[in-house]
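In what follows, a single structure is set out as structure tokens and then discussed.
Both ligands and their constituent atoms are indexed starting at 1 by order of listing. Computation of the quantities below employed the complete heavy-atom set of this structure, encompassing side-chain atoms and omitting hydrogens, waters and symmetry-equivalent molecules. We count residues from 1, following the sequence as given.
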Amino acid sequence: MDPEQEAQMGRQWEAQMGREDALIAAMRRHLPVGERTLIGSGDDCASIAAPEQRFIVTTDAIVENEHFTLEWSSFHDVGRRAAAQNLADIAAQGGRASALVVALVMPPYVSDEQVVDLVTGFGQEVSCTRAGVVGGDVTAGSQLVVSVTALGYTPYGDVQRGNAQVGDVVAICGTLGFSYVGYQLLKTGQVPGTLRTSEVQPTLAPYVDTYRAPHPPYEAGVLAAQAGAHAMMDISDGLSTDAKRMADASAVTLAFVGTQLRGFSRQLKPGAEAAGVDPWECVLNGGEDHSLLACFPPESTLPDGFQVVGRVEESAEGGAVTLDGRPVAEAGWDHLSER
Ligand SMILES: Nc1ncnc2c1ncn2[C@@H]1O[C@H](COP(=O)(O)OP(=O)(O)OP(=O)(O)O)[C@@H](O)[C@H]1O
Ligand SMILES: Cc1ncc(C[n+]2csc(CCOP(=O)(O)O)c2C)c(N)n1
Ligand SMILES: [Mg+2]
């Protein structure tokens with residue numbers, strides 16, 4: 001049977017199915033197959049090769065009007081974003097993703113085409129890695145929720161957040177504050193939410209693009225592990241908050257150097273000016289770029305893309321974060337505090 005005949009038979013078959021089965025069939029056409037996929041989407045469970053006899057696993061959900069709004073993001077963006085933030089967690093452990101599953105809660109105002117668009121974006125982002133999308137779930141509900149579980153493996157061992165050592169070099173790979181600046185540009189109306197990213201003026205587009213779907217440096221996580229990183233995490237809630245989590249877990253001080261962070265704030269200048277926010281605030285407290293924060297032994301050769309931003313020092317009690325010797329307040333995003 002030629003591919004066109006096959007596609008036509010598929011469409012006829014879908015026309016006879018219930019809505020849920022037809023929707024799943026439509027989604028399955030957009031799911032990348034990973035190099036470790038043994039059984040993909042379509043059965044009770046998927047099956048994934050794990051030759052190391054261990055795997056890593058993480059889960060993160062995104063919720064409409066909490067992490068995104070359909071007024072500012074397309075369904076495709078929402079899918080890409082859901083994949084990116086889970087793939088970032090895998091990278092932050094020094095891992096490579098092997099498989100992802102995606103559960104969708106679909107409200108009545110979302111069409112089948114829109115949800116297929118979301119899954120297409122999800123699959124597109126996963127295609128930046130060697131992983132497959134091996135299954136999921138669709139259910140009805142009052143708000144759009146995308147809940148993802150990602151599996152992976154750590155070829156050079158797990159890099160935990162609690163193992164930073166005094167004397168280590170602190171480094172970051174990726175941007176800081178781009179997503180927050182994008183969020184502010186949309187919130188203040190400086191960039192209308194209805195504009196597609198390609199229609200936004202070029203000086204502001206990178207911020208809005210990162211807000212809609214971040215672009216974490218996935219392969220840099222494995223390279224950091226290979227280079228001997230002692231500790232690593234992705235920055236989801238903001239540098240001040242996430243660095244404190246690493247400092248607490250490692251019982252050390254993460255001592256940032258202002259001049260070494262200056263490059264990050266310079267990159268924010270056009271967007272921060274347009275949105276009327278302080279670029280330093282965005283560097284320290286803006287989350288959701290999902291860049292990698294890592295601590296390396298002082299003699300390490302840092303992988304491409306990592307920039308030194310400070311040192312690990314002793315801490316009198318618990319963990320601490322400083323900037324040029326002064327304490328940094330934890331002012332990143334907190335879902336459960338009042339806003
Ligand atoms: N409901 C839960 N039950 C058990 N463990 C949880 C629960 N929620 C979070 N955790 C665990 O707590 C730790 C921190 O979770 P958190 O979601 O803050 O981190 P993250 O996923 O790295 O960051 P973010 O969600 O901001 O991207 C993780 O190890 C996570 O598995
Ligand atoms: C519409 C809208 N309102 C507010 C925000 C800001 N925001 C939401 S969650 C989060 C931290 C990361 O979440 P998590 O810890 O769950 O990964 C941030 C900075 C947004 N992105 N969209
Ligand atoms: Mg989480």
Side-chain angles (χ1 to χ4, degrees), residues 55-75 77-95 97 100 103 143-152 154 158-163 174-189 191-194 207-216 218 221 231-250 268 275 277 281-294 319 330-339:
F55 59 87
I56 57 172
V57 59
T58 182
T59 188
D60 253 321
I62 57 173
V63 178
E64 185 180 359
N65 299 329
E66 176 70 23
H67 298 88
F68 64 88
T69 154
L70 294 171
E71 287 171 32
W72 299 344
S73 298
S74 69
F75 286 86
D77 293 332
V78 173
R80 282 196 299 141
R81 178 194 181 128
Q85 79 177 62
N86 282 275
L87 292 168
D89 279 325
I90 295 284
Q93 192 83 358
L100 293 90
Q143 220 177 349
L144 182 58
V145 177
V146 188
S147 176
V148 180
T149 299
L151 306 175
T154 46
D158 288 46
V159 186
Q160 296 178 252
R161 60 179 67 174
N163 192 38
T175 57
L176 292 176
F178 270 55
S179 176
Y180 184 74
V181 167
Y183 170 61
Q184 291 297 335
L185 287 167
L186 290 161
K187 199 172 158 189
T188 56
V191 172
T194 46
Y207 311 111
V208 173
D209 189 36
T210 305
Y211 167 76
R212 287 176 167 160
H215 311 288
Y218 304 128
M232 184 155 57
M233 67 187 295
D234 70 312
I235 304 167
S236 55
D237 292 333
L239 182 62
S240 61
T241 293
D242 286 325
K244 180 67 162 55
R245 289 179 175 144
M246 181 179 275
D248 284 344
S250 304
L268 299 178
V277 289
E281 280 287 313
C282 303
V283 164
L284 292 176
N285 304 321
E288 299 190 300
D289 288 29
H290 293 279
S291 295
L292 299 176
L293 170 67
E330 265 178 85
W333 188 263
D334 184 346
H335 285 287
L336 301 182
S337 72
E338 279 184 53
R339 305 194 280 278

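- Residues D77 and R80 are in side-chain contact: their nearest non-hydrogen atoms beyond the backbone lie under 4.5 Å apart.
- Taking 4.5 Å as the limit, some side-chain heavy atom of D209 sits within range of a side-chain heavy atom of H215.
- Not a single heavy atom of E288 sits less than 4.0 Å from an atom of ligand 1.
- Heavy-atom contacts of S236 reach the following atoms of ligand 2: 11 (C), 12 (C) (cutoff under 4.0 Å).
- Proximity of R81 to ligand 2, defined as any heavy-atom pair under 4.0 Å, is confined to the side chain (atoms from C-beta onward).
- Close contacts of ligand 1 with S236, meaning ligand atoms under 4.0 Å from a residue heavy atom, involve 23 (O), 24 (P), 26 (O), 27 (O).
- Between E288 and ligand 2, a contact under 3.5 Å exists for at least one N or O pair.
- For the pair Q93/T58, no side-chain contact is recorded, criterion being any heavy-atom separation below 4.5 Å from C-beta on.
- Of the polar atoms of H67, at least one N or O is found under 3.5 Å from an N or O of ligand 2, judged by distance alone.
- Atoms of ligand 2 found under 4.0 Å from any heavy atom of T69 (numbered from 1 in listed order, with element): 1 (C).
- Short contacts between ligand 2 and Q85, defined as distances under 4.0 Å to a heavy atom of the residue, involve ligand atoms 17 (O).
- Only backbone heavy atoms of E66 (N, CA, C or O) come within less than 4.0 Å of ligand 2; its side chain stays farther off.
- Nearest heavy-atom pair, D242 versus D234, reported as atom, atom and distance to 0.1 Å: OD2-O, 3.9 Å.
- Between Q160 and M233 there is no side-chain heavy-atom pair separated by less than 4.5 Å.
- Residues Q184 and Y211 form no side-chain contact, since every pair of their non-hydrogen atoms from C-beta on lies 4.5 Å or further apart.
- Under a 4.0 Å criterion applied to the non-hydrogen atoms of D237, ligand 1 contributes the atoms 26 (O).
- For ligand 1, the atoms sitting less than 4.0 Å from at least one non-hydrogen atom of D60 are 21 (O), 25 (O), 27 (O), numbered in the order shown with element in parentheses.
- Classified by interplanar angle (parallel below 30°, tilted 30° to 60°, perpendicular above 60°), the ring pair Y207/F178 is tilted.
- Under 4.0 Å from ligand 1, not a single heavy atom of T59 appears.
- Remark: among candidates F68, W72, W333, the nearest residue to atom 6 (C) of ligand 2 is W333, based on non-hydrogen atoms.
- A donor-acceptor pair shorter than 3.5 Å cannot be found between the side chains of T210 and D289.
- Counting only heavy atoms from C-beta outward, the side chains of L144 and F75 approach each other to under 4.5 Å.
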Could you walk me through whether F68 and I62 pass the side chain to side chain contact (heavy atoms under 4.5 Å, CB included) check? CA-CA 8 Å; F68 64 88; I62 57 173; 4.0 Å; yes
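- Among the atoms of Y211, some N or O lies under 3.5 angstrom from an N or O of ligand 2.
- In terms of N/O distances under 3.5 Å, ligand 2 is approached by D237.
- Atoms of ligand 1 lying under 4.0 Å from any heavy atom of D89, numbered from 1 in the order shown and given with element: 21 (O), 22 (O).
- Of all the listed residues (R161, M233, Q85), R161 holds the heavy atom that lies closest to atom 22 (O) of ligand 1.
- In this structure, R161 has no salt bridge (Lys or Arg N to Asp or Glu O under 4.0 Å) partners at least two apart in sequence or on a different chain.
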